[in-house]
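Have a look at the structure below, then the notes.
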Amino acid sequence: MSGSGCCDGCAVLDYEKPVNRYDCFRAVCCDPEKPAMGARRVVDTAVTREPKNITRPIWCRGKQVAK
């Protein structure tokens, strides 16, 4: 993630699937040391599939890339 403005590929990024037809896909930050409140902070949403090209939040410290 160094130098990147996106969360895509971050090791602490997780995705939640919709629970019903009125819900949406959510990309959530699971960084336990983030300065923003919330254990699973939502950083992006999408209606039809998992979000892509997620803009990194201003509070993100730039975590490592998932292997």
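The basis for the numbers below is simple: all heavy atoms, side chains too, and nothing from hydrogens, waters or symmetry mates. Numbering of residues begins at 1 and proceeds along the displayed sequence.
- Residue E16 comes nearest to R40 through the heavy atom pair OE2-NE, 3.0 Å, listed as atom of the first residue, atom of the second, then distance.
- Applying the 4.5 Å side-chain rule to ILVMFWY residues, one finds V42 in the same cluster as V28.
- A search for side-chain contact (heavy atoms from CB on, under 4.5 Å) contacts involving P57 returns C7, V43, W59, C60, not counting sequence neighbours.
- Closest approach of Y15 to I54, counting heavy atoms only: OH-CD1, 4.2 Å.
- Note on residues 43-55: no pairs pass salt bridge (Lys or Arg N to Asp or Glu O under 4.0 Å), not counting sequence neighbours.
- With sequence neighbours left out, R41 forms a salt bridge (charged side-chain N to carboxylate O under 4.0 Å, His left out) with no residue at all.
- Under the side-chain contact (heavy atoms from CB on, under 4.5 Å) criterion, N20 pairs with Y22, D23, not counting sequence neighbours.
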